[in-house]
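For reference, the structure discussed in these notes is given below.
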Amino acid sequence: MENNSFIFSDGADPKMIAAYKKAQETFKYFWRELSWEYRRVIPALNLACVKAQFSENHPDSGEKIVEHMWLNDISFDGDTVSGFLINEPNNLITIQPGDYFEIPLNEISDWLFAITPAQKKTKGLSKLFSSSSEPIPKAYGGFTIQKMRADMSETERREHDEAWQLDFGDFNDIEIVNEQKEYPENLIEHPMSKNMQESFVKFLSDYPTELTNADENGFTLLHTETIAGNLSSVEILLQSGADKNLKTNKGKTALDYAKQLNWEHLIPVLEN
């Protein structure tokens, strides 16, 4: 997986900066997908990672060196993205693969997940980048990658995509949720949120204390389901008696996170 190194300058490419901003604005969809991935018995994603900027001053010249590199094993609390560095830095010497980082959402530079069409899944990165007769995994997000692909010739793009072994699609039409074209309603709610309604109702009936249980940071199920944008789950929690006024240790309610992440379909539900 590539990383991008350059000497920092104020004259950054405005199209790349726009890609960073788009990644930050749409990260909630990445997290929605990944939050369901963590609940699946059989993994569905071939790849799920977040890109961020890392920097240090050159030991000799003192110039600021910046590298954009990828993290995996991602967690998200509504404010901060955390994960472990995948890349081997090209020039930075103070960090290494496997290091853990916590990065404010407004400082990430990209996100990417990939899923194989027709529910035919490979398992693990080793199979992802090996030859296979299975369909090529389709990439979602990857805004900085698509910006770079837009600058390539057709031959360069083909070679790039073959190196990644991913279907990046049209760089002018970046998809952000699985089967977005086939099922546009997936932009509103993840299909698993709807499909799991009955089992979620039963879960809350069997374990009613889950309505009020909070983790060490004060997050309840209502907080986490709101952060993940799961309308059906939020509605069921409220109907079951979840207290929407409970706050995390940072003093935030579920509604605060819905507004913060601009989950427009959840705001009126939590306000009412």
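Asn213 CG to Thr220 OG1: the interatomic distance, rounded to the nearest 0.5 Å, is 9.5 Å. Note that CG of Asn178 is 4.0 Å distant from CD1 of Ile115, once rounded to the nearest 0.5 Å. Taken from OG1 in Thr155 to CD in Glu159, the straight-line distance is 6.5 Å, to the nearest 0.5 Å. Residue Asn46 holds its CG atom at 13.0 Å from NZ of Lys138, rounded to the nearest 0.5 Å. If you take CG on Leu261 and CZ on Arg32, they are separated by 12.5 Å, rounding to the nearest 0.5 Å. Here the straight-line distance linking atom CD1 of Ile145 with atom NZ of Lys51 works out to 5.5 Å at 0.5 Å rounding.
Side-chain atoms of Thr26 come within 3.5 Å of backbone N or O of Lys22 as a donor-acceptor pair. Panel note: side chain Arg149, backbone Arg158; no donor-acceptor pair is recorded below 3.5 Å. Side-chain atoms of His190 never come within 3.5 Å of backbone atoms of Ala228 as a donor-acceptor pair (strictly under, hydrogens ignored). Judged by distance alone, with hydrogens and angles left aside, the side-chain atoms of Glu107 form no donor-acceptor pair with the main-chain N or O of Pro104 at under 3.5 Å. A side-chain donor-acceptor contact under 3.5 Å links Asn249 to the backbone of Glu216. Of the possible donor and acceptor atoms, one in the side chain of Gln260 sits under 3.5 Å from a partner among the backbone N and O of Gly78. Panel note: side chain Gln197, backbone Ser232; no donor-acceptor pair is recorded below 3.5 Å. Remark: side-chain polar atoms of Glu156 are paired, donor with acceptor, to backbone N or O of Ser153 under 3.5 angstrom. Put simply, the side chain of Glu37 gets close to the backbone of Ala44: a donor and an acceptor are under 3.5 Å apart.
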For this session: Output, in order, the C-alpha distance, side-chain angles, deciding distance and verdict of side chain to side chain contact (heavy atoms under 4.5 Å, CB included) for Thr212 and Asp243.
Result: CA-CA 8 Å; Thr212 55; Asp243 186 352; over 6 Å; no
Problem set entry | Pair Leu85-Met69, side chain to side chain contact (heavy atoms under 4.5 Å, CB included): steps then yes or no | CA-CA 7 Å; Leu85 186 65; Met69 296 182 287; 3.7 Å; yes
Problem set entry | side-chain hydrogen bond (donor to acceptor under 3.5 Å, both in side chains) evaluation trace for Trp70 with Asp110 | CA-CA 9 Å; Trp70 295 94; Asp110 208 352; over 6 Å; no
For this session: Let me see the working for Leu221 and Leu204 under side chain to side chain contact (heavy atoms under 4.5 Å, CB included), right down to the final yes or no.
Result: CA-CA 11 Å; Leu221 267 177; Leu204 292 175; 4.3 Å; yes
For this session: Please test Lys147 against Asp151 for side chain to side chain contact (heavy atoms under 4.5 Å, CB included), starting from the C-alpha separation and ending with a verdict.
Result: CA-CA 7 Å; Lys147 189 277 173 190; Asp151 295 337; 2.5 Å; yes
Problem set entry | Stepwise ring-ring contact (aromatic ring centres under 6.0 Å, His included) check, His160 with Phe168 | CA-CA 10 Å; His160 170 274; Phe168 284 99; 5.4 Å; yes
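What you find for Lys181 and Pro184 is that their closest heavy atoms are O-CD, 3.9 Å. For the residue pair Pro117 and Pro137, the shortest heavy atom distance occurs at CD-CA, 4.3 Å. Of all heavy-atom pairs spanning Val269 and Val234, the tightest one is CG1-CG1, 4.3 Å. When all heavy atoms of Lys28 and Asn262 are compared, the closest pair comes out as NZ-O, 2.6 Å. Ala150 approaches Phe171 most closely through the heavy-atom pair CB-CD1, 3.5 Å. Smallest separation of non-hydrogen atoms from Ala48 and Leu34: CB-CD1, 3.8 Å.
Salt bridge annotation for Glu271-Lys244: absent, with no cationic side-chain nitrogen under 4.0 angstrom from a carboxylate oxygen. Lys250 has no carboxylate O lying under 4.0 Å from a charged side-chain N of Asp256, or vice versa, which leaves the two without a salt bridge. Taking a cutoff of 4.0 Å between a charged side-chain nitrogen and a carboxylate oxygen, Glu33 and Arg40 qualify as a salt bridge. Classification of Arg157 and Asp161 as a salt-bridged pair fails, no side-chain N sitting under 4.0 Å from a carboxylate O.
Under a cut-off of 6.0 angstrom, the local environment of NZ in Lys21 is sparse, with at most 12 non-hydrogen atoms contributed by other residues, nucleotides or ligands. More than 12 heavy atoms of other residues, nucleotides or ligands shown are found within 6.0 angstrom of CD on Glu182. At most 12 non-hydrogen atoms from other residues, nucleotides or ligands lie less than 6.0 angstrom from OH of Tyr183. The number of heavy-atom neighbours closer than 6.0 Å to NZ of Lys15, taken from other residues, nucleotides and ligands shown, is 12 or below. Shown here is Glu264, whose CD atom has no more than 12 heavy atoms of other residues, nucleotides or ligands within 6.0 Å. Annotation: Tyr207, atom OH; neighbour count of heavy atoms from other residues, nucleotides and ligands within 6.0 Å does not exceed 12.
Transitive grouping of hydrophobic side chains (ILVMFWY, heavy atoms separated by less than 4.5 Å) brings Tyr38 and Phe203 into a common cluster. If you chain together hydrophobic residues whose side chains sit under 4.5 Å apart, Tyr140 and Ile108 fall into the same group. Residues Ile227 and Phe200 fall within the same hydrophobic cluster, defined by Ile, Leu, Val, Met, Phe, Trp and Tyr side chains chained together at heavy-atom separations under 4.5 Å. In the hydrophobic clustering of this structure, Phe101 groups with Val81; members are Ile, Leu, Val, Met, Phe, Trp, Tyr whose side-chain heavy atoms approach within less than 4.5 Å, directly or through other members. Side-chain heavy atoms closer than 4.5 Å link hydrophobic residues (I, L, V, M, F, W, Y) into clusters, and following such links, possibly through other members, connects Leu238 to Ile236.
For the pair Leu71/Ile86, no side-chain contact is recorded, criterion being any heavy-atom separation below 4.5 Å from C-beta on. Counting heavy atoms from C-beta outward, Leu187 and Ile176 have side chains that approach closer than 4.5 Å. Using a 4.5 Å cut-off on side-chain heavy atoms (C-beta onward), Asn57 and Ile65 make no contact. Glu175 is not listed as a side-chain neighbour of Asp170, based on a closest heavy-atom distance of 4.5 Å or more. Side-chain contact between Ile103 and Phe54: present, with at least one pair of heavy atoms (C-beta onward) separated by less than 4.5 Å. Inter-residue side-chain proximity for Asn217 and Asp77 is flagged as unmet; no heavy-atom pair is nearer than 4.5 Å.
Aromatic ring pairs are classed by plane angle as parallel below 30°, tilted from 30° to 60° and perpendicular above 60°; the pair Phe143 and Trp111 is perpendicular. Below 30°, between 30° and 60°, or above 60°: for Phe27 and Phe76 the angle between ring planes is above 60°, a perpendicular geometry. Ring-plane geometry between His68 and Tyr20 is classed as parallel, the angle between the planes falling under 30 degrees on a 0 to 90 degree scale with a further cut at 60.
Between Glu56 and Asn91, the side chains place no donor N or O within less than 3.5 Å of an acceptor N or O (distance only, hydrogens not considered). No side-chain donor-acceptor contact under 3.5 Å links Ser82 and Glu102. Neither side chain, Glu67 nor Ser55, offers a donor N or O lying under 3.5 Å from an acceptor on the other. Checked by atom type, the side-chain pair Asn230/Glu225 shows a donor-acceptor distance below 3.5 Å.
Within the structure, the ring pair (Phe, Tyr, Trp, His ring centres under 6.0 Å) test picks out the following pairs touching residues 237-262 (sequence neighbours left out): Phe219-Tyr257.
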